[in-house]
Amino acid sequence: MIFAANFKTNHTRASTKAYIETLLTKIITKRAEDKVYIFPPATALDQFSGDFILGAQNAYMAQNGAFTGEIGLEQLEEFEIKTILIGHSERREILRETQAFIAEKFAYFQSHGFEIIYCIGEPLEIRQQGQHSVMEYLLSQFEGIDISYEKLIVAYEPIWAIGTGRSATSAEIASTHEALKKTLQKPLLYGGSVKPENSKEIISIRGVDGLLVGSASLDVESFAGMITD
Ligand code: PGA
């Protein structure tokens with residue numbers, strides 16, 4: 001299983017360091033095959049060692065240059081970061097990243113050998129139209145994306161379940177993952193209001209290879225519990 005924590009715009013440099021130190025002591029007992037990822041805000045990226053992978057929530061597709069407010073490869077290389085989140089719905093919706101822009105970013109980080117956690121997810125009005133519309137919508141989010149990329153991990157995160165406290169039901173997760181796995185031979189994470197109360201049930205669903213956790217990852221006890229319980 002993969003357990004990924006997306007801090008979004010939460011935690012500072014200092015609190016991320018303390019979090020990681022505590023987390024490492026708590027996950028000593030984790031199963032050897034389980035993998036833990038932490039995506040802190042860019043200001044908290046640093047040199048850490050331990051049995052987890054540090055990733056970037058975002059970066060611009062350039063080595064360096066005049067891209068005000070962005071970080072590029074040079075800033076990631078300083079800390080040997082080789083993992084990135086691309087396509088998160090908050091970047092698509094709030095930061096207005098288009099599919100074409102996302103595809104360009106994907107191709108850039110693919111060409112630099114990054115492990116990419118690529119996020120897809122439908123809004124509520126599409127979910128309400130039924131499974132056929134959901135699949136059509138989700139598959140359109142692979143436009144321009146090389147889904148055969150060896151270092152690709154996909155995260156299915158229904159937008160209506162993100163940060164709302166309302167996770168998708170097990171049946172919705174199961175049917176969507178099963179349908180996605182017909183086109184996608186890659187690890188497939190679920191994200192959207194995953195918390196200690198539902199994480200066990202979700203990881204037991206066939207076709208779920210791990211969790212991408214936002215709000216409930218911010219507290220170290222809560223995230224560590226999902227990994228070790
Ligand atoms: P959430 O966020 O766990 O707070 O719903 C998940 C995500 O956006 O990755």
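Just follow the structure's listing: the first ligand is 1, and inside any ligand the first atom is 1.
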Between [Y] and [X], is there a salt bridge with N-O shorter than 4.0 Å?
X: Asp46; Y: Arg13; result: yes
X: Lys30; Y: Asp51; result: yes
X: Asp209; Y: Lys181; result: yes
X: Glu97; Y: Lys105; result: yes
X: Glu90; Y: Lys8; result: yes

For this session: Would you check the N or O atoms of His88, main chain and side chain alike, for any that come under 3.5 Å of an N or O of ligand 1?
Result: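 Yes; at least one N/O pair falls below 3.5 Å.
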Subset of ligand 1 atoms that lie under 4.0 Å from at least one heavy atom of [X]:
X: Gly192; value: 5 (O)
X: Asn6; value: 9 (O)
X: Leu212; value: 9 (O)
X: Ala161; value: 5 (O)

Exercise. Between Gly163, Cys119, Gly214, which one has a non-hydrogen atom sitting closest to atom 5 (O) of ligand 1?
Worked result: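 The option holding the nearest heavy atom is Gly163.
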Identify, for [atom], the protein heavy atom at the shortest distance, and state residue, atom and that distance.
atom: atom 4 (O) of ligand 1; result: Ser215 OG, 2.5 Å
atom: atom 2 (O) of ligand 1; result: Lys8 NZ, 3.1 Å
atom: atom 9 (O) of ligand 1; result: Glu157 OE2, 2.7 Å

Exercise. Of all the heavy atoms in Ala216, does at least one lie under 4.0 Å from an atom in ligand 1?
Worked result: no
For this session: Compute the centroid of each ring, for Phe106 and then for Tyr118, and state whether the two points are separated by less than 6.0 Å.
Result: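 Aromatic pair counts; centres sit under 6.0 Å.
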For this session: Establish, yes or no, whether a centroid distance under 6.0 Å links the rings of Phe7 and Tyr19.
Result: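 Yes, the ring of Phe7 comes within the 6.0 Å limit of the ring of Tyr19, centre to centre.
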